[in-house]
Amino acid sequence: MAKIIAGVGTSHTPAIGAAVDNGRTHEPYWVPLFKGYEPSKKWMAETAPDVAIVVYNDHANAFSFELIPTFAIGVADEYQVADEGFGRRPLPPVPGHADLAWHLAESLILDEFDITIVNAMEVDHGLTVPMSLMFAEPAEWPCPVVPLAVNVVQYPPPTGKRCFDLGKAIRRAVDTYPGAERVLVVGTGGMSHQLQGERVGLINAEWDQRFLDMLVGDPDAAAAISHVEYLREAGSEGIELVMWLVMRGALDADVREVYRATHVPTSNTHNGLLVLDNSGSGPFT
Ligand SMILES: [Fe+2]
């Protein structure tokens, strides 16, 4: 049977992709951020997952504001990189894992977790920036990806608890997949940031660290955080952190924190990175 081996949470700020693509990672502004990812890149190369389920949000690229699924899973063999207005990032297409994706879709829906099935879509910085941060700049991505999109761009987004429960349902699905794949689950977005309104530029590093502590050691408490608290404490775009709860729900009830790195500022965000290893304690009951 397939097995979820680990989880990664990481921000997906678009400026990071631009820094990579334009050869600016060695500039003083960017050095601390990218230095923070060196240990996780090494860990990733050593861990070498067979497939990654990447939980991200589309930013009105694959899905316009005419149609916004709350949860959507890509079941294609390949995903092209979206042009977000500055040309496509110079990245290889993202290979899919259609067989696992269809199994996930079937298992989730029969598990009464309805999810939109997407046969074709492009992927934007929500997915490609984490890929760059995890795998650097390979000619080909080292493992296929199952993209799982969550609406956090138009109210109402799903609750943190709903995302946590989706992670648990993903765990049940992977545990019944008749392959031998070692599966990585990635939650992206956040941490605190606000891109609009009177509090534009808001960053709340202390709250973010408490969120990470809860996510590791008391995920039920993290899942109970309300939309209003995200808005008040982490800014209007801090709600992206609910996607990290999907990742956490798919892991063991107890996890080992392998690595954490945070950095302020990265564009207008508090950048976060968290690597969690399954402890063998088994899934949430
Ligand atoms: Fe985002």
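Order of appearance sets the numbers: ligands from 1, and atoms from 1 within every ligand. Just so you know, these numbers use all the heavy atoms, side chains as well, and skip hydrogens, waters and symmetry mates. Residue numbers count from 1 along this sequence.
- Below the 2.8 Å limit, the Fe ion (ligand 1) has as protein N, O or S neighbours His12 NE2, His59 NE2, Glu240 OE2.
- The backbone N or O of Asp254 lies less than 3.5 Å from a partner atom in the side chain of Ser279, making a donor-acceptor pair.
- When the shell of 6.0 Å around CD of Glu106 is examined, it contains 12 or fewer heavy atoms from other residues, nucleotides or ligands.
- Each of Asn271, Thr269, Thr188 was checked for a side-chain hydrogen bond (donor to acceptor under 3.5 Å, both in side chains) with His12, and the lone residue meeting it is Thr188.
- Note on residues 48-67: no pairs pass salt bridge (charged side-chain N to carboxylate O under 4.0 Å, His left out), not counting sequence neighbours.
- Salt bridge Glu122/Arg88: present, at least one basic N to carboxylate O contact under 4.0 Å.
- Using the six-membered ring where Trp is involved, Trp30 and Phe34 have ring planes that are tilted, between 30° and 60° apart.
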